[in-house]
Amino acid sequence: MKIGVLALQGDFAEHIAMLKRLKVDTIEVRLPEHLRSLDGLIIPGGESTTIGKLAVAYNLMEPLKLFGQRHAIWGTCAGAIFISKDIGRDQPLLGLMDIKVQRNAFGRQIDSFETDLDIPELKQATGTKEDYHAVFIRAPIIESVSGDAKVLASVADGRIVAAQQGHLLATSFHPELTGDTRFHEYFLSLAD
Ligand code: GLN
């Protein structure tokens, strides 16, 4: 199995380190040809407007959309914004997932926080019982899911922070910034 990490901007290095811990073959994706022969792609956190502008400049928009029609893609934070269909404002989006996302929904940088999430699918897939410790940094929320997208996790007040639609995954938080590899393992099961 070979997993790419979109390496235009943001914390792609942390995702690569996590995949290496899981002994997965990885490459940094910067050009359309880097998508060839990949089983899945992670789009990291960072700044979704910057990632979008660079993806346009590097002619990656169409190749990424095509890749996502057939292969697993996981967007974390800015990546979740970038793969969504609707964010209520104009910036380059892949529009792959039937989710409506609101950027910076928890407030400013100073309002970043950590919390434990009960994610039944994750526990079941990895045969574990522990909640998942999630790190939110100027995070978006998933306002709503539609089509066959389903909610994977919500914070205590009910706001959605993780969703899945077939082989597509979106998380508002940053699993690459913790020591817990379970979310990456879960994504690998979708890419398999
Ligand atoms: N606030 C950023 C955005 O809107 C996302 C933050 C992050 O990826 N940690 O793109």
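Each ligand, and each atom within it, is numbered from 1 in the order the structure gives. Only heavy atoms go into these numbers, but all of them, side chains included; no hydrogens, no water, no symmetry mates.
Of the charged side-chain nitrogens involved, at least one lies within less than 4.0 Å of a carboxylate oxygen, so that Asp98 and Lys85 count as a salt-bridged pair. Salt bridge annotation for Arg21-Glu185: absent, with no cationic side-chain nitrogen under 4.0 angstrom from a carboxylate oxygen. Taking 4.0 Å as the cut-off between side-chain N and carboxylate O, Glu47 and Lys53 do not count as a salt-bridged pair. At a threshold of 4.0 Å, the pair Glu28-Arg30 counts as salt-bridged, since one of the basic side-chain nitrogens sits closer than that to a carboxylate oxygen.
Contacts with ligand 1 closer than 4.0 Å are made by no heavy atom of Thr49, backbone or side chain. Contacts of Thr76 with ligand 1, taken as heavy-atom pairs under 4.0 Å, are absent altogether.
At the shortest separation from atom 1 (N) of ligand 1 among protein heavy atoms lies Asn104 OD1, 2.6 Å. Nearest to atom 4 (O) of ligand 1 among the protein's heavy atoms is Arg103 NE, 2.6 Å. Protein heavy atom nearest atom 7 (C) of ligand 1, with residue, atom name and distance: Cys77 SG, 2.8 Å. Among protein heavy atoms, the minimum distance from atom 5 (C) of ligand 1 is reached at Gly46 O, 3.4 Å.
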Review point. Between Arg103 and Gln91, is a side chain to side chain donor-acceptor pair (under 3.5 Å) present by the stated rule, with each step listed?
Key: CA-CA 12 Å; Arg103 291 180 63 198; Gln91 69 182 60; 2.9 Å; yes
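Of all the atoms in ligand 1, the ones that sit under 4.0 Å from a non-hydrogen atom of Gly45 are 8 (O). For ligand 1, the atoms lying closer than 4.0 Å to a non-hydrogen atom of Glu47 are 2 (C), 3 (C), 4 (O), 10 (O).
Polar contact check, Ile81 against ligand 1: no nitrogen or oxygen pair lies under 3.5 Å apart. Ligand 1 has an N or O atom lying under 3.5 Å from an N or O atom of Ser48, backbone or side chain.
Aromatic pair Phe183/Trp74: ring centres closer than 6.0 Å.
Side chains of Thr115 and His133: a donor-acceptor N/O pair is absent below 3.5 angstrom, by distance only.
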